[in-house]
Visitor: 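Quick one: this structure, given as structure tokens, is what I'll be asking you about.
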Amino acid sequence: MAPTSTSKISLPCGSRRRRLVLKPTQQGALHALFQQNPYPGIATRERLARELDIPESRIQVWFQNQRTRQLRQSRLGSAKSQGQGPTHGQEQPPSWTQEHFTKDGRRKRTSISPSQTSILLQAFEKNRFPSIATREHLASLTGLPESRIQVWFQNRRARHPGQSRSGPVKDMEAHPKPSPYVTVPVEPGLLARVPGVSSFDTHFFVPHPKGNTSSNMSALA
DNA sequence: GCGTAATCTAATCAACC
DNA sequence: GGTTGATTAGATTACGC
């Protein structure tokens, strides 16, 4: 896929969490548990977090990525075996579907107070894609875990697409598969007033013109 | 460069009012 | 039943080695 020239501008450092490098022992433990249950619930994830000294949110992400890897491999394997001779056993087809593993419960629903919501809303209005630094700042302001703030922003973006002016999302059908994000430079000063918006956020990381990128900017004014 | 952690969307489940 | 937090698959980005 040819990347369009405007599809991606690299963000200032600090926009993403620093990448975690797992130790071999941690990798081993995660793999072992994955064999038993690729869908660990919150209790298991928290126990692992304590035992391996890895944040629970990183364990959740590891399992997400690992399921993807596993599925991709098994599909690759079965695609090969269609053209080639069948490969007996060894390769576990994804027989581990979710139903078998949902016993271990979900995280308890986090209740977010009106005052916490108000802080998050203010930050959201200024930046729908907060950096890790901003999320952590918001976490300290609200007392909520950073991972819950990340989820809050995800849900919020999904349910409140843009201030999406009046019209329905319509254009861009000309480009069926737009690049998922573009970044838009923003004056740091505009953000300084907002609690929870750090100086890292000198770019707005916005979805590719579902609406209009420039109108997103005008929302700041 | 590769492998993979991090992030995203969209869809869905489920707790709480 | 509506709202909204939690989880999922899948696609993509970008960083550490």
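Here is how names work: the chains are called A, B, and so on, in the same order as the sequence lines, proteins then strands, and each is numbered from 1.
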Visitor: Choose from dT7(B), dG10(C), dG5(C) the nucleotide whose nearest atom is closest to any side-chain atom of Val61(A).
Guide: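 The nucleotide sitting nearest to the side chain is dT7(B).
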
Visitor: Atom CD1 of Ile42(A) and atom P of dA15(B): how far apart are they, to the nearest Å?
Guide: 15 Å

Visitor: Please tell me whether Thr134(A) and Ser131(A) have a donor and an acceptor in their side chains that are separated by less than 3.5 angstrom.
Guide: yes

Visitor: Say whether Gln70(A) and Arg67(A), considering side chains only, have a donor N or O and an acceptor N or O under 3.5 Å apart.
Guide: no

Visitor: Rounded off to whole Å, could you give me the CZ-to-C1' distance for the Arg69(A) and dG10(C) pair?
Guide: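 Spelled out: CZ on Arg69(A) to C1' on dG10(C) is 14 Å.
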
Visitor: In whole Å, I'd like the distance from the CD atom of Gln27(A) to the C1' atom of dT4(B).
Guide: 9 Å

Visitor: Please name the pair of heavy atoms, one in Leu33(A) and one in Pro40(A), separated by the smallest distance, quoted to 0.1 Å.
Guide: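 Residues Leu33(A) and Pro40(A), closest heavy atoms: CD2-CB, 4.4 Å.
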
Visitor: May I ask you to verify whether the side chain of Arg19(A) and the base of dT4(B) hold a donor-acceptor pair under 3.5 Å?
Guide: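 Such a pair exists between side chain and base.
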
Visitor: In whole angstrom, what separates Leu22(A)'s CG from dC15(C)'s P?
Guide: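 It is 18 Å, rounded to the nearest whole Å.
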
Visitor: Of the nucleotides dC8(B), dA6(C), dG10(C), which one has an atom closest to the side chain of Leu71(A)?
Guide: dG10(C)

Visitor: Nearest whole Å is fine: how far is dA9(C) C1' from Gln154(A) CD?
Guide: 13 Å

Visitor: Please state whether the rings of Phe34(A) and Phe63(A) are parallel, tilted or perpendicular, taking 30° and 60° as the class boundaries.
Guide: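 Tilted: the ring planes of Phe34(A) and Phe63(A) meet at 30° to 60°.
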
Visitor: Could you give the CZ-to-P distance, from Arg156(A) to dA10(B), as a whole number of Å?
Guide: 16 Å

Visitor: From dG5(C), dT7(B), dT9(B), pick the nucleotide closest to the side chain of Gln150(A)?
Guide: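 Shortest atom-to-atom distance from the side chain points to dT7(B).
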
Visitor: Measure CZ/Phe34(A) against C1'/dT8(C) and give the value in whole Å, please.
Guide: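 To the nearest whole Å, that distance equals 13 Å.
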
Visitor: Using atom CD1 of Ile149(A) as one end and atom P of dT4(C) as the other, report the distance to the nearest whole Å.
Guide: 17 Å

Visitor: Please determine which of Arg47(A), Arg107(A), Arg148(A), Arg50(A) meets the salt bridge (Lys or Arg N to Asp or Glu O under 4.0 Å) test together with Glu56(A).
Guide: Arg107(A)

Visitor: Can you identify which nucleotide, out of dT9(B), dA9(C), dG5(C), has its nearest atom closest to the Ile112(A) side chain?
Guide: dG5(C)

Visitor: Side-chain donor or acceptor of Arg109(A) under 3.5 Å from a matching atom on the base of dT4(C)?
Guide: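 Yes.
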
Visitor: So if I take every side-chain heavy atom of Val21(A) and compare against dA9(C), dA11(C), dC17(C), which nucleotide ends up nearest?
Guide: dC17(C)

Visitor: Are any non-hydrogen side-chain atoms of Ile132(A) and Glu146(A) less than 4.5 angstrom apart?
Guide: yes

Visitor: Would you mind telling me which residue lines up with the more 5' stretch of DNA chain B, Ala158(A) or Leu20(A), judged by nearest nucleotide?
Guide: Leu20(A)

Visitor: Arg45(A) side chain N/O closer than 4.0 Å to the phosphate oxygens (OP1, OP2) of dT7(C)?
Guide: yes

Visitor: Looking only at N and O atoms, is any donor in the side chain of Arg106(A) or the base of dC13(B) less than 3.5 Å from an acceptor on the other one?
Guide: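 Present.
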
Visitor: Would you please confirm or rule out a distance under 4.0 Å between OP1 or OP2 of dC13(B) and any side-chain N or O of Tyr39(A)?
Guide: no

Visitor: Looking at the side chain of Arg58(A), which of dG16(C), dA6(B), dT7(C) is the nearest nucleotide?
Guide: dA6(B)

Visitor: Record whether the side chain of Arg159(A) comes under 3.5 Å of the base of dT12(B) through a donor-acceptor pair of N or O atoms.
Guide: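 Under the 3.5 Å cut-off, the side chain and the base do form a donor-acceptor pair.
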
Visitor: Identify, between Lys108(A) and Phe153(A), the residue whose nearest nucleotide on DNA chain B lies closer to the 5' end.
Guide: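 Here Phe153(A) is the residue nearer the 5' end.
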
Visitor: Hey, does the side chain of Thr68(A) come within less than 4.0 Å of dA11(C)'s phosphate (OP1/OP2), counting only N and O?
Guide: no

